[in-house]
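Comments concern the structure below.
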2 protein chains.
Amino acid sequence: MKLAEIRNKLVAKGLRVSPQRLSIFEAIIKLNNHPTADDIAEFIKKDHSNIATGTVYKVLESLVSNGLIKKVKTERDVMRYDAILDIHHHLYCAESDFIKDYYNNEINELLSEYFKKNGIPGFEIEDIKLQINGKFLQED
Amino acid sequence: MKLAEIRNKLVAKGLRVSPQRLSIFEAIIKLNNHPTADDIAEFIKKDHSNIATGTVYKVLESLVSNGLIKKVKTERDVMRYDAILDIHHHLYCAESDFIKDYYNNEINELLSEYFKKNGIPGFEIEDIKLQINGKFLQED
DNA sequence: GTATGTGCAAACTTTTTGCACTTCG
DNA sequence: CGAAGTGCAAAAAGTTTGCACATAC
């Protein structure tokens, strides 16, 4: 995703384009393994200018509440963030607390077809995500 | 689940049967909406005897690492706990941060059949959970 | 110029830890 | 009795908040 694209997304939501917003958004995309607030802060401090921790949280919050990124949580005790790129699922290894995105349209269709036929009473489905738990093998 | 049953589960894992373990385990089952450590502590302090916060965390940790309960996390910032009763999925409403268990064997079979045919390269699947996001309608 | 965003540090919340004491088996 | 578990209080970790200052538009 190019900078101009990010800029557009911010503008489209009525958010001002500050360098902090840009670099946080960029960081999430580049650090694409579901970074924590701390990962993001470090990344920015390393490659770019300085940024306050409080700002990182405030910006993340505004991006989340504007639907530009998502919060992801694992069994560990920190929040992780995820750019919203596409419908994807998560492969998760509890042992290493490592999350990897998993794309599979066949599954998406299988599920959406199933739930189109059989809804869930008392619940309005917005989207479905798989959390596939297990272990990563060598080649990762 | 009866007390005797809980007792057995503890013994089976080589854990000692302390009143704290029993009441924490019981609390998770009774407070069956994925209670937080704090919910559990309050519940125990109300209905039964006193318990230290540190103990609650220590006991939860031992139950989790012995596979007797599970940690569940939502987008909010506290950890929740879940008795392991059966294969189930979660209906989740981000707005209210409310989680409800969802049982559906048809889906389980659909998925396990699918992944039996088409594995995921580099990943060994242990189990699959659906997180179905959306909104609860009135009758909840 | 003004509403919005940022930096900073202090406060808050949740979870962890260490150690003396207690209890299960 | 001894190993395992608990209470307590202090500390760590993660996140939020308030307010003065800065900046995007």
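Atoms considered below: every heavy atom in the structure, side chains included; atoms not considered: hydrogens, waters and symmetry mates.
Rounded to an integer number of Å, the gap from A/L10 CG to D/dC25 C1' is 14 Å. Atom NZ of A/K13 and atom P of C/dG5 are 15 Å apart (whole Å). Taking atom CZ on A/R80 and atom P on D/dG14, their separation rounds to 10 Å, with Å as the unit. Remark: P of D/dT6 and NZ of B/K45 are 14 Å apart, rounded to the nearest angstrom. Across the protein-nucleic acid pair, A/D39 atom CG and D/dA13 atom C1' stand 14 Å apart, rounded to whole Å. For the pair A/L22 CG and C/dT4 C1', the interatomic distance rounds to 15 Å; values are reported in whole Å. Remark: P of D/dT15 and CG of A/D38 are 9 Å apart, rounded to the nearest angstrom. For A/I40 and D/dT15, the CD1 to C1' distance is 13 Å, given to the nearest whole Å.
A donor and an acceptor atom, one from each side chain of A/N104 and A/H88, are nowhere located under 3.5 Å apart. Between A/D101 and A/H34, the side chains place a donor N or O and an acceptor N or O closer than 3.5 Å (distance only, hydrogens not considered). If you check the side chains of B/N133 and B/Q131, you find a donor sitting under 3.5 Å from an acceptor.
Applying the 4.0 Å criterion to OP1 and OP2 of D/dT23, one finds that A/Q20 has every side-chain N and O outside that range. Applying the 4.0 Å criterion to OP1 and OP2 of C/dT6, one finds that A/N50 has every side-chain N and O outside that range.
Between B/F136 and A/F123, the angle of the ring planes goes over 60°, which puts this pair in the perpendicular group of the 30/60° scheme.
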Subject >> B/S/- contact track for nucleotides 17-25 of chain C, protein heavy atom under 4.0 Å >> reply: BBB---BBS
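Evaluated for a side-chain contact (heavy atoms from CB on, under 4.5 Å) with A/L68, the options A/L60, A/L10, A/I28 yield exactly one hit, A/L10.
You'll find that the side chain of A/R21 is closest to C/dT6, out of D/dT6, D/dT15, C/dT6.
Summarising the geometry of A/S62 relative to A/R21, their closest heavy-atom pair is OG-NE, 3.6 Å, with the distance given to 0.1 Å.
Taking the six-membered ring where the residue is Trp, the centroids of B/Y92 and B/F98 are separated by 6.0 Å or more.
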